Amino acid sequence: MSHETENLYTTLEKESLICARCGYCRTDCPIYSVIGWESASPRGKVSLSREIFAHKKQSDIPEEFVQRISQCTLCGACSVACSTTIDLRTLWLDLRKRIAESGKEPKAYEKLRDTLEANKNITNFSNDERLEWAQDLDEPEALEPRSGADVCYFVGCVSSFFPQAAEVPLATAEILTEAGCDFTTMGGEEWCCGFPLLGAGFVNDAQKFIRHNVEKIKEMGIHTLIASCPSCYHVWKHDSAEALKGYDLEIMHTTEYLAHLIKEGKIELNELDEVVTYHDPCDLGRNSGIYDAPREIINSIPGVKFVEMAHNKEYSLCCGGGGNLQSVDPENAAKIAALRVEEIQATGATIVVSACQQCEQMLTAAIQKANLPIRVLDISQLILEALSSDS
């Protein structure tokens, strides 16, 4: 389930006054764990917000405060820990919106907005190249946009344009084809979901992207949409509600859809002799409430020994890659990932599986730096291995 506090958020001014300053949030905050300064803790940031906005003791927003707000991964762990049930993730987004409105946002955010406005994706590549990854499929032309398909696969920017992440849509497309699914993509008409803009505080800019994608889905007559990127999924499921009002669209994360195909017997999984652990992506688990589907998939593979990490499900540690942190503070993002890798190593797993291309990128880099013999796979890649296995 999603946070029960989500609909209780009132205003930044009121919420900042609710904080009891108990400090429970500090233990669970990934950026505080690597910085250690009170100003980096959720409690510290709320206290500063109270002074600036509720008590209006400052006429200007301090530069250090902007830095601390931008260092948050938006993982939502503080919301789970909060003894006064403040929806802190919404509060951080509210703060970023106010900072952007004041023109104080980090330069990296401005660059991100300019890139998205120019290319409709987070890279410098033309958006017409969104299906370039599909050239490695037997029939790449089959993924060209097609109206009336049963399912539309929303690929996302990272998986569309980054070669390492392209393994995710390739595996997903092969599995869907193997299962006989009638699916399509939006091709070059797929724009960024808008999450990077929401995370930077540019809410109005994000709405343009959301409205475009919704209109294209309506034009295509699509009524089931699946997304493999948890942030894309979260935007479609929650932030697109207003644009989708009155339109019948079932939105699923690919793990939910693939788990359904396995239950229906449309995917036959062979044996894999592996010890597997699972990393819950923050936007899929804590922020969207999807915990069971990935675990059902892993446990449905014969021969796999599944081992949970010390922190899992709603208490899962962040990979460090969320909230646009990599663009403003890559060093601390990597330190957060290293903490998660310590837990992965402790499980004795030969494979760590996630369901987020950003998590997989962060964990791969951290595992390589630690020189550990552990493979990092997306859950779609694990399924594909089980489909291809001769064991």
Side-chain angles (χ1 to χ4, degrees), residues 23-38 40-43 68 71-81 89 158 164-165 168 230-231 255 272-287 290-291 294-295 298-299 304-379 381-382:
Y24 291 153
C25 55
R26 297 202 310 175
T27 310
D28 294 339
C29 176
I31 198 69
Y32 177 76
S33 69
V34 296
I35 291 180
W37 288 91
E38 176 65 16
S41 74
R43 177 178 70 176
R68 292 301 188 223
Q71 283 173 323
C72 171
T73 67
L74 300 177
C75 72
C78 50
S79 295
V80 174
R89 185 177 180 277
V158 175
Q164 180 185 340
V168 176
S231 300
T255 54
L272 288 180
D273 182 19
E274 302 279 2
V275 180
V276 175
T277 192
Y278 176 68
H279 167 77
D280 287 279
C282 299
D283 277 335
L284 186 64
R286 216 173 0 247
N287 298 328
I290 297 176
Y291 302 112
R295 289 171 171 80
I298 295 167
N299 285 314
V304 164
K305 181 186 177 187
F306 178 55
V307 185
E308 289 278 16
M309 278 184 252
H311 290 86
N312 59 76
K313 297 185 178 178
E314 65 263 43
Y315 302 109
S316 177
L317 300 186
C318 180
C319 75
N324 297 332
L325 181 62
Q326 261 193 309
S327 66
V328 294
D329 194 348
E331 185 180 337
N332 278 314
K335 287 180 180 178
I336 293 169
L339 294 175
R340 189 52 163 165
V341 167
E342 289 177 11
E343 287 206 346
I344 294 168
Q345 185 179 14
T347 65
T350 54
I351 297 175
V352 55
V353 171
S354 191
C356 169
Q357 73 293 326
Q358 180 72 357
C359 293
E360 287 141 22
Q361 177 199 330
M362 296 299 297
L363 297 177
T364 296
I367 284 171
Q368 287 176 348
K369 188 174 182 181
N371 198 26
L372 297 174
I374 302 169
R375 290 195 295 150
V376 182
L377 296 178
D378 184 78
I379 202 147
Q381 292 173 283
L382 185 72

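What you see is a predicted model, and the numbers here were worked out from it, not measured in a lab.
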Colleague: CD/Glu331 to CD/Gln326 distance, rounded to the nearest 0.5 angstrom?
Modeller: 13.0 Å
Colleague: Give a yes or no on whether a salt bridge exists between Arg295 and Asp280, defined as a side-chain N under 4.0 angstrom from a carboxylate O.
Modeller: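 Answer for the salt bridge query: yes.
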Colleague: So, do Ile35 and Arg68 sit near enough that their side-chain heavy atoms are less than 4.5 Å apart?
Modeller: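 Counting from C-beta outward, Ile35 and Arg68 do come under 4.5 Å.
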Colleague: Which is it for Ile351 and Val304 under the side-chain contact (heavy atoms from CB on, under 4.5 Å) test, yes or no, and what are the steps along the way?
Modeller: CA-CA 10 Å; Ile351 297 175; Val304 164; over 6 Å; no
Colleague: To the nearest 0.5 Å, what is the distance between NE2 on His279 and OG on Ser354?
Modeller: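 So the NE2 of His279 and the OG of Ser354 are separated by 4.5 Å.
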Colleague: Is any side-chain N of the basic residue among Glu38 and Arg43 closer than 4.0 Å to the acidic one's carboxylate O?
Modeller: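 Judged by the 4.0 Å cut-off on N to carboxylate O distance, Glu38 and Arg43 do form a salt bridge.
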Colleague: Which atom pair, heavy atoms only, marks the closest approach of Gly320 to Leu325?
Modeller: O-CD2, 3.5 Å
Colleague: So Thr255 and Ile290, do their side chains get closer than 4.5 Å, heavy atoms only?
Modeller: yes
Colleague: How many angstroms lie between atom NE2 of His311 and atom CG of Leu339, to the nearest 0.5 angstrom?
Modeller: 10.5 Å
Colleague: Is a salt bridge present between Arg89 and Asp283, judged by a nitrogen-to-oxygen distance below 4.0 Å?
Modeller: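 Asp283 and Arg89: salt-bridged.
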Colleague: To check you understand the geometry: which heavy-atom pair defines the closest contact between Asn299 and Phe306, and what is its length?
Modeller: OD1-CB, 3.5 Å
Colleague: Please report the closest heavy-atom contact between Pro330 and Val328, naming both atoms and the distance.
Modeller: CD-C, 3.8 Å
Colleague: Could you tell me the separation between the CG atom of Asp28 and the OG atom of Ser41, rounded to the nearest 0.5 Å?
Modeller: 12.0 Å
Colleague: State whether the side chain of Asn324 and the backbone N or O of Ser327 hold a donor-acceptor pair below 3.5 Å, judged by distance alone.
Modeller: no
Colleague: Under 3.5 Å, is there a donor-acceptor pair between the side chain of Gln381 and the main chain of Asp378?
Modeller: yes
Colleague: Check whether any side-chain N or O of Asn312 sits under 3.5 Å from a backbone N or O of Met309 as a donor-acceptor pair, and report yes or no.
Modeller: yes
Colleague: How many angstroms lie between atom CG of Leu382 and atom CG of Leu377, to the nearest 0.5 angstrom?
Modeller: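 Result: 6.0 Å between the selected atoms.
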Colleague: Quick one: CD1 on Ile367 to CD1 on Ile374, what's the gap to the nearest 0.5 Å?
Modeller: 5.0 Å
Colleague: Would Gln357 and Gln164 count as a side-chain hydrogen bond (donor to acceptor under 3.5 Å, both in side chains) here? Give the steps.
Modeller: CA-CA 9 Å; Gln357 73 293 326; Gln164 180 185 340; over 6 Å; no
Colleague: Heavy-atom distance under 4.5 Å between the side chains of Val376 and Gln361, does that happen here?
Modeller: no
Colleague: Is there a donor-acceptor pair closer than 3.5 Å between any side-chain N or O of Thr350 and the backbone N or O of Val275?
Modeller: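 Indeed, once roles are kept as given, a pair shorter than 3.5 Å links the two residues.
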Colleague: State, with a plain yes or no, whether a side-chain heavy atom of Pro30 is found less than 4.5 Å away from one of Val34.
Modeller: no
Colleague: Please answer whether the main-chain N or O of Gly285 pairs with a side-chain N or O of Glu314 as donor and acceptor at a distance below 3.5 Å.
Modeller: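 It does not hold such a pair.
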Colleague: Between Cys78 and Cys29, is there a side-chain heavy-atom distance shorter than 4.5 Å?
Modeller: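 In short, these two side chains do not touch, never coming nearer than 4.5 Å.
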Colleague: Main chain of Ser316, side chain of Arg286: is a donor-acceptor contact present, judged purely on distance under 3.5 Å?
Modeller: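 Yes; judged by distance alone, with no hydrogens or angles, the pair exists.
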Colleague: Has the side chain of Gln345 got a donor or acceptor atom that lies under 3.5 Å from a matching backbone atom of Val341?
Modeller: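 Answer holds: no.
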Colleague: Find out whether Ile298 and Ile379 are in side-chain contact, i.e. whether some heavy atom of one side chain is under 4.5 Å from a heavy atom of the other.
Modeller: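 Sidechains of Ile379 and Ile298: in contact.
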Colleague: For Ala355 versus Tyr278, what's the shortest heavy-atom pair and its separation?
Modeller: CB-OH, 3.8 Å
Colleague: Can you see which heavy atom on Pro294 is nearest to which on Leu284, and at what distance?
Modeller: CG-CD2, 4.5 Å
Colleague: Evaluate Val276 against Lys305 for side-chain contact (heavy atoms from CB on, under 4.5 Å), listing each step before the verdict.
Modeller: CA-CA 6 Å; Val276 175; Lys305 181 186 177 187; over 6 Å; no
